[in-house]
Amino acid sequence: IVNADLLPCLLKFTEKLEWGVGKGFVVPNVVSQCLSAGKLVQDEADGIIEEYKRLVDDFLRKAESNGLSDVLYAYVSLKVYSSPQGGTTEDFMLINRILETDVVNEECYSSLLLSATMLVSTFPNFASGGRMFCSVASLHPRVTKELVSDIVLFLTDVAEGRTGLTNSRSTARQSLGLLASIKDGNSKVVPESVFGSSVASSTGP
């Protein structure tokens with residue numbers, strides 16, 4: 001966008017899109033750009049984040065699976081890139097709560113795994129608000145070691161087939177591979193022992 005004055009109009013347009021068509025990939029980017037251009041203040045962005053959190057709860061209350069992963073992705077992306085707080089353990093607990101419901105199918109499960117990974121790490125060559133577009137993966141500045149450890153353990157359980165959802169194992173292994181490329185200080189985020197387990201040797205999908 002050349003003229004920043006168009007950003008609020010673009011935000012209104014994208015917010016009118018239906019969930020389940022990739023809206024969750026678009027809205028966070030526009031919100032982030034609006035913040036950078038001074039077209040939104042932080043309180044307004046926080047209000048959007050809270051609205052999307054309520055939407056996630058609404059989807060769960062109504063047991064609707066269509067669009068759930070889309071709205072959750074939007075919420076997590078907004079929390080990570082447009083909130084001073086960043087992703088938190090409470091957000092990861094929300095993802096776990098969703099995964100324990102009956103509304104999650106295999107496709108939705110895989111998408112939720114990516115949302116969990118995004119709580120702690122950027123994705124190479126994957127745009128969200130400009131700051132997520134990068135050549136290498138890296139931990140978010142505000143992420144805690146406890147949250148990283150919890151998500152690595154969670155992904156390892158899925159990758160090793162302990163959840164019983166075999167089609168999601170590939171997504172979990174890819175996420176672990178992404179995190180394995182990151183170092184936190186002198187230590188690797190994903191211990192080598194993880195890849196000495198059935199994660200590395202698994203031949204499942």
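- Salt bridge present: D58 and R61 bring a charged side-chain N and a carboxylate O closer than 4.0 Å.
- With hydrogens and angles ignored, the 3.5 Å screen pairs no side-chain donor or acceptor of D157 with any backbone N or O of F154.
- For the pair S32 (side chain) and P28 (backbone), a donor-acceptor distance under 3.5 Å is absent.
- The side-chain heavy atoms of L11 and I48, taken from C-beta on, include a pair separated by under 4.5 Å.
- Panel note: side chain S149, backbone K145; a donor-acceptor pair is recorded below 3.5 Å.
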*Go through I98 and V56 one step at a time and tell me if the side-chain contact (heavy atoms from CB on, under 4.5 Å) criterion holds.*
CA-CA 9 Å; I98 295 172; V56 173; 3.8 Å; yes
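- E15 places no side-chain N or O within donor-acceptor distance of the main-chain N or O of K12, the cut-off being under 3.5 Å.
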*Audit row: Y73, L114, side-chain contact (heavy atoms from CB on, under 4.5 Å) steps and yes/no*: CA-CA 8 Å; Y73 182 92; L114 294 178; 5.6 Å; no
*Show your working on side-chain hydrogen bond (donor to acceptor under 3.5 Å, both in side chains) between T88 and E90 and close with a plain yes or no.*
CA-CA 5 Å; T88 65; E90 288 73 21; 3.2 Å; yes
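- No side-chain heavy atom of E146 sits under 4.5 Å from any side-chain heavy atom of T89.
- In this structure, S121 contributes its side chain and M118 its backbone to no donor-acceptor pair below 3.5 Å.
- No more than 12 heavy atoms of other residues, nucleotides or ligands shown are found within 6.0 angstrom of CG on N66.
- Between L10 and Q33 there is no side-chain heavy-atom pair separated by less than 4.5 Å.
- You'll find the side chain of K79 reaches within 4.5 Å of the side chain of Q85, heavy atoms only.
- To the nearest 0.5 angstrom, L72 atom CG is 10.5 Å from S77 atom OG.
- Judged by distance alone, the side chain of Q42 and the main-chain N or O of S82 form a donor-acceptor pair under 3.5 Å.
- You'll find the side chain of L179 reaches within 4.5 Å of the side chain of V120, heavy atoms only.
- Looking at T122, its side chain does come within 3.5 Å of a backbone N or O of S138 through a donor-acceptor pair.
- Remark: the backbone N or O of R97 is not paired with any side-chain donor or acceptor of T101 at under 3.5 angstrom.
- Between D5 and K39 there is a side-chain heavy-atom pair separated by less than 4.5 Å.
- Although no hydrogens or angles enter the test, the distance criterion places no donor-acceptor pair under 3.5 Å between the side chain of D70 and the main chain of W19.
- Considering only heavy atoms from C-beta on, L178 stays 4.5 Å or farther from Q174 through its side chain.
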*asked:* Evaluate Y52 against V27 for side-chain contact (heavy atoms from CB on, under 4.5 Å), listing each step before the verdict.
replied: CA-CA 11 Å; Y52 283 17; V27 172; 3.3 Å; yes
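- In this model, no donor atom of one side chain and acceptor atom of the other lie less than 3.5 Å apart for E100 and N96.
- For R173 (side chain) and V158 (main-chain N/O), no donor-acceptor pair under 3.5 Å exists by modelled atom type.
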*Report the C-alpha distance between D46 and I49 in whole Å, list the side-chain angles of each, state the deciding distance to 0.1 Å, and finish with yes or no for side-chain contact (heavy atoms from CB on, under 4.5 Å).*
CA-CA 5 Å; D46 291 342; I49 293 170; 4.2 Å; yes
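- By the 4.5 Å heavy-atom criterion applied to side chains, V143 and L119 are not counted as neighbours.
- The ring-ring contact (aromatic ring centres under 6.0 Å, His included) check on Y75 picks up nothing, with sequence neighbours excluded.
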